[in-house]
Amino acid sequence: MQTPKIIFFDIDDTLYRKYTDTLRPSVAEAMKALKARGILTAIATGRPYAAMPAKVRAVVEEAGMDLLLTINGQFIRYRGEVLQKCPLETAKVDAMCAYFDREGIPYAFVADHTIAVSEPVPTVEEAMAHILPDHPVDKEFYRRNEVFQMLGFYADDREAEVAAEAAKHGYKTVRWHELAVDMLDAQGSKARGIRTAVAELGIDMQDVMAFGDGLNDIEMMKAVGFGVAMGNGHPDLKAEADYICPTVEEDGVYNGLKALGII
């Protein structure tokens with residue numbers, strides 16, 4: 001393939017293993033090698049900036065990564081400056097809160113600076129433990145802060161029911177945990193964020209590469225010029241990828257870039 005001008009990397013189970021707080025040394029080596037070749041490097045994650053793991057932040061800073069696309073593309077920074085942000089409409093959030101309250105489903109509000117939960121019940125705390133364990137409990141958070149995504153905490157046996165309700169308000173759901181989903185604008189995605197970012201930088205989508213592993217990476221994988229799925233990735237994502245690299249533990253990002261001749 002031709003050398004990309006920018007490469008986007010998911011965090012969880014792509015660069016980093018959240019359940020073991022593991023980030024392989026090869027990740028920093030890969031970022032530095034890309035920088036040396038003049039290739040822009042970017043994060044593309046469902047996490048907000050506040051929930052970016054310390055080890056990932058260290059790599060971002062040390063390697064001088066150029067772009068941070070967070071909250072599934074709803075908040076974008078380029079070299080420290082906000083490039084775009086897409087907050088949810090308060091009235092729609094209000095409607096979803098009322099629905100969740102009626103159904104007894106806990107929820108959360110994702111802002112750039114924190115994630116506020118509706119109640120600190122075990123379901124919530126289990127899902128949040130490896131994302132942002134220190135978080136406020138505030139059901140009124142969205143009335144005073146910009147919220148870019150909601151979280152719903154429920155098992156997949158309620159998937160269809162909640163997705164149908166979310167769709168009524170222009171939202172979609174994407175599962176990231178056995179007990180939790182992201183809920184965002186139906187048009188929102190990492191793919192939309194990437195299109196916005198690279199257009200601002202004057203880069204064509206065919207010159208974009210992306211690495212990912214999960215269901216929230218599928219739209220991104222379809223949109224970029226060349227998509228790479230992790231060996232440990234979800235089967236549905238692998239089906240959309242142009243290439244499958246080794247697992248996180250096998251230095252997948254570094255070895256994938258080497259095998260493709262990028263570094």
Side-chain angles (χ1 to χ4, degrees), residues 10-13 16-21 43 45-57 68-75 85-186 188-190 214-216:
D10 174 52
I11 291 179
D12 295 302
D13 300 321
Y16 170 81
R17 285 292 201 186
K18 64 185 174 186
Y19 292 113
T20 57
D21 188 32
I43 292 293
T45 181
R47 292 173 179 257
Y49 184 76
M52 191 174 295
K55 292 180 180 178
V56 176
R57 285 191 190 218
L68 300 179
L69 188 152
T70 57
I71 321 178
N72 287 314
Q74 310 315 292
F75 203 111
K85 54 182 181 176
C86 302
L88 301 180
E89 293 179 29
T90 301
K92 292 182 179 180
V93 174
D94 199 45
M96 283 308 307
C97 290
Y99 167 77
F100 281 141
D101 286 337
R102 287 196 306 272
E103 297 297 323
I105 298 174
Y107 50 94
F109 309 107
V110 182
D112 180 55
H113 65 288
T114 194
I115 300 174
V117 305
S118 63
E119 51 185 317
V121 295
T123 302
V124 171
E125 298 308 310
E126 180 180 341
M128 291 292 294
H130 297 282
I131 299 297
L132 192 64
D134 184 14
H135 48 263
V137 178
D138 184 357
K139 292 181 72 169
E140 301 295 315
F141 179 87
Y142 70 102
R143 298 188 185 280
R144 302 181 306 277
N145 298 271
E146 284 188 319
V147 170
F148 300 92
Q149 182 172 275
M150 292 185 72
L151 305 179
F153 299 93
Y154 54 89
D156 60 8
D157 60 348
R158 303 197 72 173
E159 195 85 59
E161 165 201 346
V162 179
E165 181 65 26
K168 293 178 185 177
H169 306 287
Y171 292 159
K172 65 180 177 183
T173 60
V174 183
R175 185 162 294 278
W176 57 271
H177 185 278
E178 62 183 7
L179 298 174
V181 301
D182 291 333
M183 183 173 293
L184 65 157
D185 183 86
S189 68
K190 292 182 182 182
L215 295 174
N216 68 334

Given side chains that start at C-beta, do those of [X] and [Y] come closer than 4.5 Å, heavy atoms only?
X: D12; Y: R47; answer: yes
X: D112; Y: Y49; answer: yes
X: E161; Y: E103; answer: yes
X: M183; Y: V162; answer: yes
X: L88; Y: M96; answer: no
X: H135; Y: E125; answer: yes
X: L151; Y: V181; answer: no
X: I71; Y: P48; answer: yes

From CA spacing to verdict: salt bridge (charged side-chain N to carboxylate O under 4.0 Å, His left out), D185, K92: CA-CA 10 Å; D185 183 86; K92 292 182 179 180; 5.1 Å; no
Where [X] and [Y] come nearest, the two heavy atoms and their spacing:
X: F153; Y: A180; answer: CD2-CB, 3.8 Å
X: I115; Y: A108; answer: CG2-CB, 3.9 Å
X: S189; Y: L184; answer: N-CD1, 4.1 Å
X: A50; Y: T114; answer: CB-N, 3.7 Å
X: G188; Y: K172; answer: O-NZ, 2.6 Å
X: L68; Y: M52; answer: CD2-CE, 4.2 Å

Partner set under ring pair (Phe, Tyr, Trp, His ring centres under 6.0 Å) for Y142, not counting sequence neighbours: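 For Y142, the residues satisfying ring pair (Phe, Tyr, Trp, His ring centres under 6.0 Å) (neighbours in sequence not counted) are F109.
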Test: D101 and K139 ion pair at under 4.0 Å: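 Yes, charged N to carboxylate O under 4.0 Å.
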Lys/Arg-Asp/Glu bridge criterion (N-O < 4.0 Å) met for D13, R17: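 Judged by the 4.0 Å cut-off on N to carboxylate O distance, D13 and R17 do form a salt bridge.
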Has the side chain of [X] got a donor or acceptor atom that lies under 3.5 Å from a matching backbone atom of [Y]?
X: R143; Y: T90; result: no
X: T70; Y: F75; result: yes
X: Q74; Y: N72; result: yes
X: H169; Y: A167; result: no

Atom CD of E89 with >12 non-hydrogen neighbours under 6.0 angstrom: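 Result for CD/E89: open.
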Drop me the distance from [X]'s [atom1] to [Y]'s [atom2], to the nearest 0.5 angstrom.
X: D134; Y: M128; atom1: CG; atom2: CE; answer: 9.5 Å
X: M150; Y: D182; atom1: CE; atom2: CG; answer: 11.5 Å
X: I11; Y: R57; atom1: CD1; atom2: CZ; answer: 9.5 Å
X: T173; Y: D156; atom1: OG1; atom2: CG; answer: 11.0 Å
X: D138; Y: R144; atom1: CG; atom2: CZ; answer: 4.5 Å

Ring pair (Phe, Tyr, Trp, His ring centres under 6.0 Å) partner of Y107, chosen from Y99, Y171, F100, F141: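 When ring pair (Phe, Tyr, Trp, His ring centres under 6.0 Å) is applied between Y107 and each of Y99, Y171, F100, F141, only F100 qualifies.
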Verdict with reasoning, I43 to L69, per side chain to side chain contact (heavy atoms under 4.5 Å, CB included): CA-CA 6 Å; I43 292 293; L69 188 152; over 6 Å; no
Test item: side-chain donor near acceptor, H113 and E146, under 3.5 Å: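 The criterion, which ignores hydrogens and geometry beyond distance, is not satisfied for E146 and H113.
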